[in-house]
Amino acid sequence: AFSGHHFALQGAREFVDKHFDEIGHKIKLLVNLDLSMEKDALVALWIGYFYQYDLDPGRFIWISQRISNDYMPQLYQLNKNYSGKFINAMDIGSWRRYIPFITLDSEPFTVSGGLGFSFVTAMASKKYLNTPFDNLKNLNIENVKPQADIALWIIYNLANEDQLPECYATRFNPQGGGFPTLRGRVVTYNFEKGWYDSVPHALVYLEGGPETLIYNHKIVLITDENGEFEFKGCLQSIVRGGGVYVTRYYTMCAYVDDPSPSPVEYATDLGKYGAPMYPGKIIIDKSDNFATIAVFECGSIALFGCLDPFSLEPILPTFEVMEIETYSIPDQWGATSDQGIALIFVPTNVSVQISMKKFGDNQPIALLRNINSDDPSTASGYKVSSRGECLALYNTPLFFTIDGMYQLTTFRLNISTTRGLHSLNVKKIQSKVSESLNAAISALKNKRYDVFYTEAFNAWSLEVQAYREVKSLMQDAINTTIFFFILLIPFSFLFQKLIFDFMEGSKQLIATSMILAIFIAILYFVHPGFHLTSNIYMTLTGLVV
């Protein structure tokens with residue numbers, strides 16, 4: 001009877017909101033039917049995966065006892081074939097064993113405080129659901145009869161009870177449950193006004209977390225003419241999992257599409273006018289909650305194959321976007337990714353470089369710089385020229401390797417070699433990377449995509465190793481420069497005392513400084529660390545200061 005099941009139970013949530021004051025009074029009980037033809041057994045549940053609320057099942061004990069002690073024994077006497085076809089999971093904590101990950105249309109009613117439960121086909125995996133194989137050939141209508149008979153028998157008996165347990169609806173219960181509302185607004189920063197304007201008709205995406213406590217809790221809304229949105233029946237934050245209280249939350253992002261066949265024109269702002277002011281995360285801790293999401297006018301850069309190059313598994317990547325000319329983070333930028341596909345949102349006519357890291361790892365596993373072939377030490381970056389433009393970097397693993405790490409690693413390796421720092425292992429790896437790149441490019445031309453992906457990811461994984469090893473080699477050389485410089489300071493003073501032993505403080509200072517300068521000059525010619533960083537003297541001066 002409810003629409004919008006796959007829109008985060010929207011029909012059921014709207015029903016609860018509209019009839020909220022009638023729950024427990026005019027509306028005594030809500031029973032949801034979720035039957036499948038896959039199996040012939042039925043289970044009664046008062047809880048599902050959408051909210052996984054931490055409520056006391058005490059209000060269902062009376063119903064559970066009536067079903068087990070009265071209704072079902074009477075049915076078994078009428079028809080013994082129904083024995084073993086029903087499972088009562090109304091008052092037990094092991095309900096998960098009987099159903100797959102599904103959401104129930106009775107959940108909004110129940111979490112608000114009402115008496116609501118569902119009849120669900122027990123032990124049904126629903127393997128054909130939402131697939132082309134969900135057809136009459138794979139359906140067994142005979143499996144529905146015992147389920148329907150049992151469900152109707154229990155509903156009939158409940159409808160004829162003189163009195164049902166009392167229940168009361170609540171918008172928010174600090175102990176668990178409730179039917180709170182999340183309202184919000186989408187805005188964009190107006191540089192002329194120095195403040196934010198509302199954004200009408202924006203798409204708002206809400207996702208509940210952590211995912212270990214909920215399932216498929218993803219909601220898409222659209223703002224009205226004033227840039228405002230409303231989500232009724234959202235997650236209450238504090239729940240108890242395994243005896244421990246856990247805080248749940250919503251992550252929020254927003255986009256604007258005119259609509260048009262092109263990509264989005266506005267995206268969630270992670271720059272200084274967005275995330276610091278409006279972090280895009282909210283905890284629902286009262287009946288009425290409000291949040292703001294900031295977006296900015298942008299183009300997008302599409303990346304594909306953003307996986308772990310070593311295991312080829314999806315990762316939770318973190319992206320860093322920097323302006324190529326200043327190496328500073330743009331005032332406005334954004335990023336989103338899912339299952340290896342990423343969109344990087346950037347202001348128009350701004351050249352940027354992009355680095356990708358695995359969550360919790362400080363070292364990048366991918367670089368995109370658009371390196372100049374004539375001078376690998378410089379890069380022109382990537383940019384989009386107009387709002388809504390999308391620059392798609394197809395075959396992204398090749399870009400990750402050739403455009404970013406391979407050229408940069410080769411350039412750094414050459415500099416290190418000229419300064420006496422050699423790494424035979426990196427040279428061997430670079431040779432293997434070159435072979436895999438040539439094989440990948442050849443396979444791509446011949447439309448051998450299986451070979452292409454194999455060689456491209458192999459080259460990428462090898463290059464990550466080479467990049468990190470040569471970077472570590474150079475960093476070690478720079479660190480030893482700093483170490484020797486620190487040793488030179490007391491050495492210069494003691495050496496001055498040994499050779500000159502001036503009594504006047506000014507002469508001691510001059511002599512010590514001269515000795516320090518001489519030995520730094522010697523170190524400059526014999527130690528490679530002075531030549532491997534852009535300004536080692538600024539680093540050394542900072543140590544002294």
Side-chain angles (χ1 to χ4, degrees), residues 182-200 202-207 209 223 226-229 249-257 263-283 289-303 306 316-338 342-362 364 366-370 379-391:
L182 171 59
R183 297 181 300 107
R185 186 168 66 113
V186 177
V187 299
T188 186
Y189 188 77
N190 187 324
F191 286 90
E192 294 181 358
K193 292 169 52 178
W195 198 241
Y196 297 87
D197 292 333
S198 297
V199 180
L203 292 172
V204 177
Y205 176 70
L206 307 175
E207 183 170 358
T223 61
N226 299 317
E228 297 179 349
F229 63 90
Y249 54 85
Y250 278 103
T251 55
M252 306 173 293
C253 54
Y255 305 92
V256 176
D257 193 351
V264 296
E265 286 81 20
Y266 288 78
T268 308
D269 188 358
L270 301 181
K272 68 180 183 180
Y273 298 109
M277 289 284 291
Y278 308 114
K281 182 177 178 179
I282 186 171
I283 293 173
N289 306 266
F290 190 87
T292 302
I293 310 171
V295 297
F296 74 106
E297 189 177 74
C298 66
S300 52
I301 301 174
L303 310 178
C306 300
L316 183 62
T318 56
F319 294 93
E320 185 178 73
V321 178
M322 302 183 72
E323 294 185 17
I324 202 71
E325 295 181 354
T326 62
Y327 284 92
S328 62
I329 300 174
D331 289 343
Q332 295 178 304
W333 70 282
T336 185
S337 65
D338 185 47
L343 280 174
I344 311 300
F345 305 107
V346 295
T348 57
N349 296 313
V350 176
S351 296
V352 299
Q353 73 169 29
I354 303 166
S355 64
M356 182 178 76
K357 302 177 183 178
K358 291 173 63 176
F359 183 76
D361 188 356
N362 292 327
L367 290 173
L368 290 171
R369 303 182 70 235
N370 200 8
S380 55
Y382 294 92
K383 70 177 180 179
V384 291
S385 57
S386 61
R387 184 184 76 172
E389 178 186 350
C390 180
L391 174 61

Indicate every side-chain donor-acceptor pair of residues 272-282 with a distance under 3.5 Å to a residue at least two apart or in another chain.
none

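With rounding to the nearest 0.5 Å, the separation of CG in Leu367 from CE in Met356 is 9.5 Å. Here Leu182 contributes atom CG and Ile283 contributes atom CD1; the two are 12.5 Å apart, rounded to the nearest 0.5 Å. Interatomic distance, Ile301 CD1 to Cys390 SG, rounded to the nearest 0.5 Å: 8.5 Å.
Taking the side chain as every heavy atom from C-beta outward, Cys298 and Gln332 never approach each other to under 4.5 Å. Counting heavy atoms from C-beta on, the side chains of Pro330 and Val346 never come closer than 4.5 Å. Looking at Val186 and Val204, their side chains come closer than 4.5 Å, going by heavy atoms from C-beta outward. Counting heavy atoms from C-beta on, the side chains of Gln353 and Leu368 never come closer than 4.5 Å. Within the 4.5 Å cutoff, the side chain of Ser337 has heavy atoms near those of the Pro317 side chain. The shortest side-chain heavy-atom distance between Val256 and Thr188 does not fall under the 4.5 Å cut-off.
With sequence neighbours left out, Tyr255 forms a ring-ring contact (aromatic ring centres under 6.0 Å, His included) with Phe345. Listed by chain and number, the residues in a side chain to side chain donor-acceptor pair (under 3.5 Å) with Asp197 are Asn190, Lys193 (sequence neighbours excluded). Looking at residues two or more places apart in sequence or on another chain, you find a side-chain contact (heavy atoms from CB on, under 4.5 Å) between Glu297 and Tyr266, Arg387. Scanning for side-chain contact (heavy atoms from CB on, under 4.5 Å) contacts around Glu325 gives an empty result, with sequence neighbours left out. Under the salt bridge (charged side-chain N to carboxylate O under 4.0 Å, His left out) criterion, Lys358 pairs with Asp308, not counting sequence neighbours. Partners of Tyr205 under the side-chain contact (heavy atoms from CB on, under 4.5 Å) rule, at least two apart in sequence or in another chain, are Glu207, Lys218, Val220, Cys253. Glu323 meets the salt bridge (charged side-chain N to carboxylate O under 4.0 Å, His left out) test with no other residue; sequence neighbours excluded. Residues forming a side chain to side chain donor-acceptor pair (under 3.5 Å) with Asn289 (at least two apart in sequence, or on another chain): none. With sequence neighbours left out, the side-chain contact (heavy atoms from CB on, under 4.5 Å) criterion links Ser386 to Glu389. Checked against side chain to side chain donor-acceptor pair (under 3.5 Å), Tyr382 has the following partners two or more places apart in sequence or in another chain: Asp403. The side chain to side chain donor-acceptor pair (under 3.5 Å) search around Thr251 returns none, not counting sequence neighbours.
Only one option out of Ile344, Leu270, Thr336 pairs with Phe319 in a side chain to side chain contact (heavy atoms under 4.5 Å, CB included); it is Ile344.
Asn226 places no side-chain N or O within 3.5 Å of a backbone atom of Glu228 that could act as its donor or acceptor partner. Listed for the Ser300 side chain is no donor-acceptor partner under 3.5 Å among the backbone atoms of Leu343. Not one N or O on the side chain of Thr318 forms a donor-acceptor pair closer than 3.5 Å with the backbone of Phe359.
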Does Lys383 form a side chain to side chain contact (heavy atoms under 4.5 Å, CB included) with Val350? I'd like the steps, not just the answer. CA-CA 6 Å; Lys383 70 177 180 179; Val350 176; 5.8 Å; no
Stepwise side chain to side chain contact (heavy atoms under 4.5 Å, CB included) check, Ile293 with Arg185: CA-CA 6 Å; Ile293 310 171; Arg185 186 168 66 113; over 6 Å; no
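The heavy-atom pair separating Leu303 from Cys306 by the smallest distance is CB-SG, 3.7 Å. For the pair Val199 and Val295, the tightest heavy-atom approach, listed with the atom from each and the gap, is CG2-CG2, 4.0 Å.
Enclosure of atom CD1 in Ile329 is not indicated, since only 12 or fewer non-hydrogen atoms of other residues, nucleotides or ligands lie within 6.0 angstrom.
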